[in-house]
Amino acid sequence: MGNDRKIIRDVYESLLACYGPQSWWPVTPPGGRSPVYSGGPTNVSQRLEVMIGAVLTQNTSWNGARKALENLSSQNRLDFQSLLEIPEEKLGLFIRPSGYFNQKARRIKSLISFLNERYGADWERFFAEPVSRMRRMLLGLYGIGPETADSIILYATGRASFVIDSYTKRIFYRLGITPRDIPYKELKQRFEKALPAESKLYNEYHALVVIHGKERCTAREPECEGCPLEQICVRRGISRGESGLR
DNA sequence: GCCCAGGCTTAAA
DNA sequence: TTTAAGCATGGG
């Protein structure tokens, strides 16, 4: 699709003009109590927080993941050593508000154990691994699939790996440029071919997709009137009901 | 009460 | 290789 390029770039410009910069990923400031959108992590503990948050928000609203993170940080458990030592069952209690708490506790322990076994006390060297290598390692872990791996690479380490999520699939299906249930890898490649490989751009693009999917292009009843993508979307003028898609 | 949310694993066809 | 079920809390 040689036309992907223009559409994908136009969508970005329109979303950015409408919503403005999103300053992802939310992290807890030093001494703070709650994650805030302030342009992403600036130190190792915030990078770790992003990784944990990426697992916690799987198929769950950020609000639930945020509460789970607040529980951990208010108990001083949101650091590498604490997460390494805490029993899985106890971790589960802290992160309950994020849902799937048993699975997610296991996933977080799996990630932390891996870092510990591979790097020991110098676990933060993980962040310096080359992108492709890091991605392979992450995908080999229990409970880390393509989206979580890409989120970690992009938002925790600040390197360019485009993140696809359910909002991306829904929005671009509705726009009429991708099939329903397009495989993750395929859609990711289309974005990465259409855009310069800049982490800042990937970061902002995904964040804009999320806010658009959350606030306007919602699952049940998209609010098409006044949509910033009205001129691009093939569904403009189509009545509700046949609007299709979840 | 129902649907949805910043997915992933496992088992079955 | 594709499809479905299971995981679970919280907000609209």
Side-chain angles (χ1 to χ4, degrees), chain A residues 12 15 19 21-27 34-37 40-41 49-72 88-89 91-111 114 135-156 161-174 179-188 191 199 202-223 240-241 243-246:
Chain A
Y12 176 73
L15 292 178
Y19 301 104
Q22 300 300 300
S23 305
W24 271 31
W25 177 290
V27 290
S34 181
V36 295
Y37 293 85
E49 180 183 331
V50 172
M51 293 203 289
I52 304 304
V55 172
L56 291 174
T57 197
Q58 287 171 353
N59 200 39
T60 304
S61 64
W62 174 251
N63 195 41
R66 183 181 49 74
K67 282 183 191 165
L69 287 171
E70 286 167 359
N71 286 346
L72 289 171
E88 193 173 304
E89 299 70 29
L91 176 57
L93 296 179
F94 284 115
I95 65 173
R96 276 191 64 160
S98 69
Y100 308 115
F101 57 89
N102 289 314
Q103 283 195 356
K104 286 174 180 175
R106 183 179 161 199
R107 291 171 185 190
I108 290 167
K109 292 297 287 182
S110 153
L111 171 61
F114 165 77
R135 195 169 193 275
R136 273 197 308 277
M137 290 191 288
L138 288 169
L139 290 177
L141 299 178
Y142 171 76
I144 298 198
E147 181 184 340
T148 307
D150 288 329
S151 292
I152 288 172
I153 294 168
L154 180 60
Y155 292 109
S161 194
F162 201 91
V163 178
I164 303 298
D165 64 1
S166 54
Y167 290 137
T168 322
K169 290 187 180 177
R170 181 167 77 213
I171 291 168
F172 281 82
Y173 169 68
R174 283 179 177 168
R180 193 193 292 256
D181 290 329
I182 182 173
Y184 185 98
K185 188 173 175 183
E186 212 175 298
L187 189 52
K188 175 183 173 71
F191 275 95
S199 66
Y202 286 10
N203 177 324
E204 199 56 59
Y205 206 141
H206 173 64
L208 287 165
V209 164
V210 171
I211 191 175
H212 185 65
K214 221 188 298 201
E215 295 191 353
R216 184 178 283 276
C217 202
T218 55
R220 184 167 251 302
E221 258 194 277
E223 184 53 62
R240 265 194 234 291
S243 53
L245 202 36
R246 14 192 173 171

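Since the structure is predicted, the reported quantities are computational estimates derived from the model, not experimental observations. Chain A is the first sequence line, chain B the second, and so forth, proteins listed ahead of strands; every chain is numbered from 1.
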Checklist line | Qualifying residues under ring-ring contact (aromatic ring centres under 6.0 Å, His included), relative to A:Tyr202, sequence neighbours excluded | finding: A:Phe162
Next item on the list: Could you check whether A:Phe94 gets within reach of a base, just the sugar-phosphate, or nothing at all, counting any heavy atom under 4.0 Å?
Entry: nothing
Note to self: Can you measure A:Asn59 atom CG to B:dC3 atom C1' for me and round it to whole angstrom units?
What the structure shows: 12 Å
Next item on the list: Identify the two heavy atoms, one from A:Lys104 and one from A:Gly99, that lie closest to each other, and give their separation to 0.1 Å.
Entry: CD-O, 3.4 Å
Could you tabulate the donor-acceptor pairs under 3.5 Å formed by side-chain atoms of residues 140-148 of chain A, not counting sequence neighbours?
| residue | atom | partner | partner atom | Å |
| --- | --- | --- | --- | --- |
| A:Tyr142 | OH | A:Arg106 | NH1 | 3.4 |
| A:Thr148 | OG1 | A:Gln58 | NE2 | 2.9 |

Next item on the list: Quick one: list whatever passes salt bridge (Lys or Arg N to Asp or Glu O under 4.0 Å) with A:Arg107, sequence neighbours left out.
Entry: none
Check: To the nearest angstrom, how far is A:Ile108 atom CD1 from B:dG7 atom C1'?
Finding: 14 Å
Notebook entry, point to check: What pairs with A:Ser61 under side-chain contact (heavy atoms from CB on, under 4.5 Å), at least two apart in sequence or on another chain?
Noted result: A:Asn63
Checklist line | All side-chain contact (heavy atoms from CB on, under 4.5 Å) counterparts of A:Pro183, not counting sequence neighbours | finding: A:Glu186
Note to self: Distance check, P atoms only: C:dA8 and B:dA11, in whole angstrom units.
What the structure shows: 16 Å
Which atoms of nucleotides 9-12 of chain C (N or O only) lie under 3.5 Å from a protein N or O atom, and what are those distances?
| residue | atom | partner | partner atom | Å |
| --- | --- | --- | --- | --- |
| C:dT9 | OP1 | A:Arg96 | NH2 | 3.3 |
| C:dG11 | OP1 | A:Lys67 | NZ | 2.6 |

Item checked: Whole-Å distance separating the CD1 atom of A:Ile164 from the P atom of B:dG7 -> 12 Å
Next item on the list: Take nucleotides 8-13 of chain B nucleotide by nucleotide from the 5' end and write B, S or -, depending on whether a protein heavy atom sits under 4.0 Å from the base, only from the sugar-phosphate, or from neither.
Entry: BS----
Notebook entry, point to check: Taking CG from A:Leu138 and C1' from B:dG7, how many angstroms apart are they, rounded to a whole number?
Noted result: 15 Å
Next item on the list: Sequence neighbours left out, what passes side-chain contact (heavy atoms from CB on, under 4.5 Å) with A:Pro97? Give chain and number order.
Entry: A:Lys67, A:Asn71
Check: Any Lys/Arg nitrogen of A:Lys169 or A:Asp181 sitting under 4.0 Å from an Asp/Glu carboxylate oxygen of the other?
Finding: no
Notebook entry, point to check: Between B:dC4 and A:Thr218, is there an OP1 or OP2 to side-chain N/O distance shorter than 4.0 Å?
Noted result: no
Next item on the list: Measure from CZ on A:Arg180 to P on C:dT3 and round the result to the nearest Å.
Entry: 13 Å
Checklist line | salt bridge (charged side-chain N to carboxylate O under 4.0 Å, His left out) partners of residues 91-102 of chain A, not counting sequence neighbours, each pair once | finding: none
Next item on the list: Please report, rounded to the nearest Å, how far the C1' atom of B:dA5 is from the NZ atom of A:Lys169.
Entry: 16 Å
